[in-house]
A.B. asks: 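Below is one structure. I have some questions about it.
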Amino acid sequence: MSEDIREIRLQKLARMRELGHDPFSVEEFKRTASAKELLEWFDDLTAPRGDEDDESTDGPPIISFAGRVVSYRDMGKAGFAHLSDGDGKIQIYCRKDELGEVGWELYQLLDIGDHVGVEGFMFLTKTGEKSIHVKQLVPLSKSLQTLPIGKEKDGQQWYGLEDVEQRYRHRHLDLITNPEARKALIDRAKIVSAVRRYFDGAGYLEVETPLLQVVAGGAAARPFTTQYNAYDMEVKLRISLELYLKRLICGDIPAVYEIGRVFRNEGVSNRHNPEFTLLEFYEAYTNLEGMMRRVEDMFKFVAEEVYGSTTCEIGPLGPIDLAKPWRRVDLLDEICAQSGLERDDLSDLDQAKAAIKAKGIIDKAHQLGGHIDLNKEDNLGGLIEKLLEVFVEPTLQEPIFVVGYPIETSPLAKKDPNNPRMTRRFEGYILGREICNAFSEINDPIDQKERFEQQATEIAKGDDEAHPYDEEFLYALEGGMPPTGGCGIGMERLAMVLTGSDHIREIMFFPMMKPRE
RNA sequence: GAGCCGGUAGCUCAGUCGGUAGAGCAACGCCCUUUUAAGGCGUGGGUCCUGGGUUCGAGUCCCAGCCGGCUCACCA
């Protein structure tokens with residue numbers, strides 16, 4: 001069946017070639033403007049109003065346009081089709097008596113999916129659609145497949161490509177057929193570009209650091225491993241950007257950022273893909289408060305650049321104003337407020353477990369849809385973060401910074417001088433989703449060494465996500481690093497919030513999919 | 001990794017009680033010189049995800065597997 005269609009289309013291609021119009025031999029076609037621009041310009045043109053006999057005066061200006069055929073109607077000796085240039089579409093009108101025998105046959109050989117260039121003038125049809133009255137037609141490519149392009153009326157679509165699996169596996173079809181999907185993906189690209197402009201404008205240096213690493217650190221995650229033949233050794237794909245970027249701070253580059261792909265060997269969900277794009281930025285002589293201001297500033301800038309407004313219509317809360325400063329709360333305070341525990345309950349692991357049992361916290365968690373298994377919690381920091389996840393995260397709808405994370409889960413963040421069990425670290429949340437992770441970076445090499453040693457004992461205990469010991473990084477710190485604030489933001493998470501997407505795959509062109517067969 | 005749901009024509013879907021496969025769009029032929037989900041007449045098109053099983057007979061029931069979706073787990 002599909003072979004039949006392919007065969008028919010190949011025959012049409014052959015016929016085009018016989019007529020001296022091989023679509024694939026054309027290399028260039030000059031277009032006057034995009035579909036959107038032509039439709040806008042039309043209002044300024046004194047085009048004929050559907051009066052086909054009007055060959056008056058100077059005639060309307062000749063324009064050219066090219067695009068993919070997305071609809072096609074043949075009426076014997078005339079016909080209409082729509083051409084899409086991706087960003088917009090415009091109707092063309094062709095007549096046998098004007099195109100001539102060859103031109104008309106070329107029109108009839110067109111299929112939905114082909115690319116074609118036209119030259120003609122703008123006019124208004126009887127039914128009021130701004131269209132191109134075609135004088136010349138040039139085939140620019142022949143589609144050998146039936147593309148699942150839907151029909152459309154009043155903005156509503158019929159029969160598009162709906163199957164999500166196919167949308168992800170064959171993204172080009174999704175881009176051709178689904179305007180909303182296309183917009184989210186393009187917005188993501190614009191968001192990344194705006195982020196880059198923000199940091200360039202703020203005096204940061206954009207750098208690139210190694211993806212292939214011997215010690216993959218900077219985050220708690222399992223790396224991918226691969227083989228480097230020349231040195232006959234195993235290398236890992238990076239799981240974060242952090243340590244190399246801080247080594248540049250140690251080299252007296254005072255503000256750096258990188259936007260780059262990182263790889264984590266873990267499962268897929270609506271918020272996780274094994275490879276994703278991470279932004280990290282580091283600035284000397286500032287701290288976590290400086291990072292909060294940067295995050296606020298950057299969100300505001302990006303929203304204005306991409307959407308022209310700091311007010312975003314995202315999520316169930318309605319518009320969120322990114323121009324306002326984000327609320328700042330203390331992590332332990334929030335846990336206590338939401339769970340009914342008290343600060344004293346959370347000063348050591350056994351005490352915390354006892355309080356959780358005594359106060360019925362596990363049942364409360366269940367009511368919120370969360371599961372706390374005290375047997376699985378072997379350190380206070382991990383337990384605190386679990387409480388955060390269950391009791392606090394769902395309440396964090398408007399942009400907010402949660403400050404003060406436990407030391408066990410923050411091996412690269414400075415200790416809080418007022419509470420050595422906690423660190424000078426925050427995470428930003430929007431709509432219950434973790435958006436960024438930032439802290440005052442440890443610049444005391446002795447402290448950092450102790451943290452690595454602590455992590456090493458976790459590795460020895462079997463935690464394969466504990467932070468690896470990194471000699472090179474310690475060596476750089478010993479040379480002296482200024483006080484520094486650093487921050488990481490998942491670009492997909494950022495794009496999800498700004499585009500209102502509820503699945504990470506909607507803002508990645510080619511998400512991870514299991515191969516078929 | 002677990003549970004639930006799904007996979008039928010190129011696309012979107014229907015398919016009853018188990019009786020041997022359907023519609024619209026797309027495609028092909030004819031008609032039609034302002035149509036627009038164009039229209040009219042006609043035609044072709046299927047590995048019913050894969051492999052077993054039950055049965056006289058399986059798209060349908062059973063088992064196993066593959067791929068996907070959702071939820072959970074994992075992912076500080």
Side-chain angles (χ1 to χ4, degrees), chain A residues 1-9 11-12 48-52 70-82 89 91-99 104 111-113 123-129 131 133 143-169 173 177 219-222 239 264-274 276 369-371 373 376 379 381-386 388-389 405-413 423 425 427 434 437 458 463 465-467 490 502-503 505 513-517:
Chain A
M1 162 62 192
S2 61
E3 280 308 301
D4 291 349
I5 288 182
R6 193 186 169 78
E7 203 44 54
I8 289 162
R9 300 228 169 166
Q11 283 166 18
K12 289 183 180 178
R49 300 272 146 173
D51 181 353
E52 54 192 89
V70 292
S71 76
Y72 183 85
R73 293 175 293 284
D74 180 3
M75 290 178 300
K77 295 192 180 64
F80 290 90
H82 278 93
K89 61 182 184 179
Q91 181 171 255
I92 62 169
Y93 173 53
C94 295
R95 296 167 57 108
K96 186 177 184 181
D97 56 4
E98 293 183 38
L99 292 182
W104 181 245
D111 285 300
I112 287 177
F123 79 114
L124 200 65
T125 64
K126 268 184 189 167
T127 51
E129 178 164 350
S131 307
H133 190 124
S143 171
L144 301 182
Q145 301 171 348
T146 323
L147 297 184
I149 293 173
K151 299 210 168 191
E152 188 201 306
K153 187 187 186 181
D154 304 328
Q156 258 199 302
Q157 254 200 296
W158 277 260
Y159 321 116
L161 184 70
E162 303 269 306
D163 187 284
V164 281
E165 184 175 351
Q166 295 212 58
R167 287 186 45 229
Y168 299 148
R169 288 188 191 278
L173 296 177
T177 56
R222 276 183 289 273
I239 58 173
R264 297 186 180 178
N265 208 335
E266 56 199 31
V268 164
S269 81
N270 67 332
R271 271 161 284 126
H272 298 85
N273 194 72
F276 62 99
H371 308 283
D373 182 355
K376 283 167 72 178
N379 74 72
L383 179 56
I384 287 173
E385 294 216 2
K386 186 72 189 172
L388 169 77
E389 177 194 323
Y405 278 66
I407 193 162
E408 299 93 325
T409 57
S410 313
L412 301 163
T423 60
R425 170 181 165 199
E427 291 195 354
E434 180 193 329
N437 177 23
E458 300 296 327
D463 180 355
E465 294 187 356
H467 199 288
D502 55 9
H503 205 300
R505 287 174 161 177
M513 299 290 282
K514 242 181 173 174
R516 312 204 72 164
E517 290 159 334

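Chain letters run A, B, ... following the sequence lines, proteins first and then strands; every chain starts at 1. This structure is a prediction, so every number in the text was calculated from the model and none was measured.
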A.B. asks: Across the strands shown, which category fits A/K514 at heavy-atom distances under 4.0 angstrom: base, sugar-phosphate, nothing?
C.D. replies: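 Sugar-phosphate contact only - A/K514 comes under 4.0 Å of backbone atoms but never of a base.
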A.B. asks: Rounded to the nearest Å, what distance is computed from the CZ atom of residue A/R169 to the C1' atom of nucleotide B/G68?
C.D. replies: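 To the nearest whole Å, that distance equals 7 Å.
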A.B. asks: Does B/G19 pair with anything, Watson-Crick or G-U wobble, both distances under 3.5 Å, and if so, with which nucleotide?
C.D. replies: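 Checking every strand shown, B/G19 finds its partner in B/C56, with both distances under 3.5 Å.
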A.B. asks: So for A/Q91 and B/U35, does any side-chain atom that can act as donor or acceptor lie under 3.5 Å from a complementary atom in the base?
C.D. replies: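 Under the 3.5 Å cut-off, the side chain and the base do form a donor-acceptor pair.
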A.B. asks: By nearest heavy atom, map A/Y168 and A/E129 onto RNA chain B; which one lands nearer the 5' end?
C.D. replies: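 Final value for this comparison: A/E129.
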A.B. asks: For the C1' atoms, the ones on B/C11 and on B/U50, what distance do you get once it is rounded to whole angstrom?
C.D. replies: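 Nearest-Å result for B/C11 against B/U50 at atom C1': 23 Å.
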A.B. asks: Which value, in whole Å, describes the distance between the C1' atoms of nucleotides B/C13 and B/U8?
C.D. replies: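 Straight-line distance between the two C1' atoms is 9 Å.
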A.B. asks: Expressed as a whole number of Å, how far does the C1' atom of B/C48 sit from that of B/G59?
C.D. replies: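 Nearest-Å result for B/C48 against B/G59 at atom C1': 5 Å.
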A.B. asks: I need the NZ-C1' distance between A/K96 and B/U33, as an integer number of Å.
C.D. replies: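 Rounding to the nearest Å, NZ of A/K96 and C1' of B/U33 are 11 Å apart.
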A.B. asks: Between A/S71 and A/H82 (side chain of the first, backbone of the second, donor and acceptor by atom type, cut-off under 3.5 Å), is there such a pair?
C.D. replies: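 Such a contact is found between A/S71 side chain and A/H82 backbone.
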A.B. asks: At less than 4.0 Å, is any side-chain N or O atom of A/K126 found next to OP1 or OP2 of B/U34? Yes or no.
C.D. replies: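 Checking B/U34 against A/K126, no side-chain N or O comes under 4.0 Å of OP1 or OP2.
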A.B. asks: Heavy atoms, side chains only, cut-off 4.5 Å: are A/L147 and A/L173 in contact?
C.D. replies: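 With C-beta onward as the side chain, the pair touches.
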A.B. asks: Over all strands shown, is A/R167 touching base, sugar-phosphate only, or nothing at heavy-atom distances under 4.0 angstrom?
C.D. replies: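 Nothing: the residue A/R167, judged by heavy atoms under 4.0 Å, touches no strand.
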A.B. asks: Can you tell me how far C1' of B/C70 sits from CD of A/E165, to the nearest Å?
C.D. replies: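 So the CD-C1' distance, A/E165 to B/C70, works out to 14 Å.
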A.B. asks: Less than 4.5 Å apart, side chain to side chain, heavy atoms only: is that true for A/K77 and A/D97?
C.D. replies: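 A/K77 does not reach A/D97 side chain to side chain.
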A.B. asks: Could I get the full list of salt bridge (Lys or Arg N to Asp or Glu O under 4.0 Å) partners for A/D163, not counting sequence neighbours?
C.D. replies: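 By the salt bridge (Lys or Arg N to Asp or Glu O under 4.0 Å) rule, A/D163 matches no residue at all.
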A.B. asks: State, without any angle test, whether A/E98 and A/H133 hold a side-chain donor-acceptor pair at a distance under 3.5 Å.
C.D. replies: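 Side chains of A/E98 and A/H133: pair found under 3.5 Å.
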A.B. asks: What is the separation between atom OH on A/Y72 and atom C1' on B/C28, rounded to the nearest whole Å?
C.D. replies: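 Whole-Å distance recorded here is 13 Å.
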A.B. asks: Just to be sure I understand the rule, does A/H503 reach a base, reach only the sugar-phosphate, or reach nothing, if contact means heavy atoms closer than 4.0 Å?
C.D. replies: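 If one applies the 4.0 Å heavy-atom cut-off, A/H503 turns out to touch the sugar-phosphate alone, with no base involved.
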A.B. asks: What is the base-pairing partner of B/U71, counting Watson-Crick and G-U wobble geometry with both distances under 3.5 Å?
C.D. replies: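 B/U71 is paired, partner B/A2.
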A.B. asks: Is there side-chain contact between A/K376 and A/H371, with at least one heavy-atom pair below 4.5 Å?
C.D. replies: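 Side-chain contact under 4.5 Å: no.
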A.B. asks: Taking B/C4 as the reference, what is the distance to B/C56 when you measure between their C1' atoms (whole Å, please)?
C.D. replies: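 One C1' to the other, the span is 36 Å.
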A.B. asks: So which nucleotide does B/U35 pair with, by the Watson-Crick or G-U wobble rule with both distances under 3.5 Å?
C.D. replies: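 Result: none.
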A.B. asks: Between B/C32, B/C28, B/C74, spot the one nearest the side chain of A/R222, thanks.
C.D. replies: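 Closest of the options to the side chain of A/R222: B/C74.
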A.B. asks: Any side-chain N or O of A/K77 below 4.0 angstrom from OP1/OP2 of B/C31?
C.D. replies: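 Negative; the distance criterion is not met.
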A.B. asks: Would you mind reporting whether A/N265 and A/P274 have side-chain heavy atoms less than 4.5 Å apart?
C.D. replies: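 No. Closest side-chain heavy atoms not under 4.5 Å.
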A.B. asks: With a 4.5 Å cut-off on side-chain heavy atoms, are A/D111 and A/S143 touching?
C.D. replies: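 Answer no - side chains too far apart.
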A.B. asks: Rounded to whole Å, how long is the line connecting atom CG of A/D373 with atom P of B/A73?
C.D. replies: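 Checked: the CG to P distance equals 12 Å.
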A.B. asks: Kindly write out the residues that satisfy ring-ring contact (aromatic ring centres under 6.0 Å, His included) with A/F80, not counting sequence neighbours, or none if the list is empty.
C.D. replies: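 Partners of A/F80 by the ring-ring contact (aromatic ring centres under 6.0 Å, His included) criterion, ordered by chain and then number, come out as A/Y93.
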A.B. asks: With the side chain of A/T146 defined as its heavy atoms from C-beta on, choose the nearest nucleotide among B/U33, B/A26, B/G68.
C.D. replies: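 Within the option list, the nearest is B/A26.
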A.B. asks: Distance check: side-chain N/O of A/H133 vs OP1/OP2 of B/U34, anything under 4.0 Å?
C.D. replies: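 A/H133 to B/U34 OP1/OP2: no side-chain N or O under 4.0 Å.
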A.B. asks: Taking any heavy-atom pair under 4.0 Å as a contact, classify A/K89: base, sugar-phosphate, or nothing.
C.D. replies: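 If one applies the 4.0 Å heavy-atom cut-off, A/K89 turns out to touch nothing in the nucleic acid.
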A.B. asks: Which value, in whole Å, describes the distance between the P atoms of nucleotides B/C49 and B/G6?
C.D. replies: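 Each nucleotide's P atom is 13 Å from the other's.
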A.B. asks: Is there side-chain contact between A/R271 and A/E434, with at least one heavy-atom pair below 4.5 Å?
C.D. replies: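 A side-chain contact is absent here, since even the closest heavy-atom pair is not under 4.5 Å.
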A.B. asks: With rounding to whole Å, what would you report as the distance between B/G45 and B/G53 at their P atoms?
C.D. replies: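 Pairwise P distance, B/G45 against B/G53, rounds to 31 Å.
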A.B. asks: Shorter than 3.5 Å, N or O on both sides, protein versus nucleotides 11-14 of chain B: list them out with atom names.
C.D. replies:
{"from": "B/C11", "atom 1": "OP1", "to": "A/Q166", "atom 2": "NE2", "distance (Å)": "3.0"}
{"from": "B/C11", "atom 1": "O2'", "to": "A/Y159", "atom 2": "O", "distance (Å)": "3.1"}
{"from": "B/C11", "atom 1": "O2'", "to": "A/G160", "atom 2": "O", "distance (Å)": "2.8"}
{"from": "B/U12", "atom 1": "OP1", "to": "A/E162", "atom 2": "N", "distance (Å)": "2.9"}
{"from": "B/U12", "atom 1": "OP1", "to": "A/D163", "atom 2": "N", "distance (Å)": "2.9"}

A.B. asks: Suppose we define a pair by two distances each less than 3.5 Å, Watson-Crick or G-U wobble; what does B/U50 pair with here?
C.D. replies: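 Looking at the geometry, B/U50 pairs with B/A64.
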A.B. asks: Respond yes when some side-chain nitrogen or oxygen of A/K12 is under 4.0 Å from OP1 or OP2 of B/C28, and no when none is.
C.D. replies: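 Yes, A/K12 has a side-chain N/O under 4.0 Å of OP1/OP2 on B/C28.
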A.B. asks: Taking atom C1' in both B/G18 and B/C61, what distance in whole Å separates the two?
C.D. replies: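 Per the computed distance, 8 Å lies between those C1' atoms.
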A.B. asks: Let me spell it out: for each of A/S410 and A/D111, pick the nucleotide of RNA chain B with the closest heavy atom. Which residue's pick is nearer the 5' end?
C.D. replies: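 Final value for this comparison: A/D111.
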A.B. asks: State the pairing partner of B/C28; accept Watson-Crick or G-U wobble contacts with both distances under 3.5 Å, and report none otherwise.
C.D. replies: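 Answer to the pairing question: B/G42, which forms a Watson-Crick or G-U pair with B/C28.
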A.B. asks: Under 4.0 Å between a side-chain N/O of A/R73 and OP1 or OP2 of B/C32, yes or no?
C.D. replies: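 False: A/R73 side-chain N/O out of range (4.0 Å or more) of B/C32 OP1/OP2.
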A.B. asks: Using atom P in both nucleotides, what's the gap between B/U60 and B/A21 to the nearest angstrom?
C.D. replies: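 Pairwise P distance, B/U60 against B/A21, rounds to 14 Å.
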A.B. asks: Name the closest nucleotide to the A/K386 side chain, picking from B/A37, B/U35, B/C74.
C.D. replies: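 Nearest to the side chain of A/K386 among the choices is B/C74.
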A.B. asks: Could you state the CD-C1' distance from A/E152 to B/C25, rounded to the nearest angstrom?
C.D. replies: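 Rounded to the whole Å, the gap is 15 Å.
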A.B. asks: What is the distance, to the nearest angstrom, from the CD1 atom on A/I112 to the C1' atom on B/U35?
C.D. replies: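 Distance, rounded to whole Å: 14 Å.
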A.B. asks: For A/D97, which contact category applies under a 4.0 Å heavy-atom criterion: base, sugar-phosphate, or nothing?
C.D. replies: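 Base contact - A/D97 has a heavy atom under 4.0 Å of at least one base atom.
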A.B. asks: Could you check if a side-chain atom of A/R95 sits within less than 4.5 angstrom of a side-chain atom of A/M75, using non-hydrogen atoms only?
C.D. replies: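 A/R95 does not reach A/M75 side chain to side chain.
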A.B. asks: Using a 4.0 Å heavy-atom cut-off across all strands, classify A/H82 as base, sugar-phosphate, or nothing.
C.D. replies: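 Contact class for A/H82: base.
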A.B. asks: Let's see if you can work this out: which of B/G68, B/A73, B/A27 has an atom nearest to the side-chain heavy atoms of A/M513?
C.D. replies: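 Closest nucleotide to the A/M513 side chain: B/G68.
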A.B. asks: Could you check how far CD of A/Q11 sits from P of B/A27, rounded to whole Å?
C.D. replies: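 The answer, rounded to whole Å, is 15 Å.
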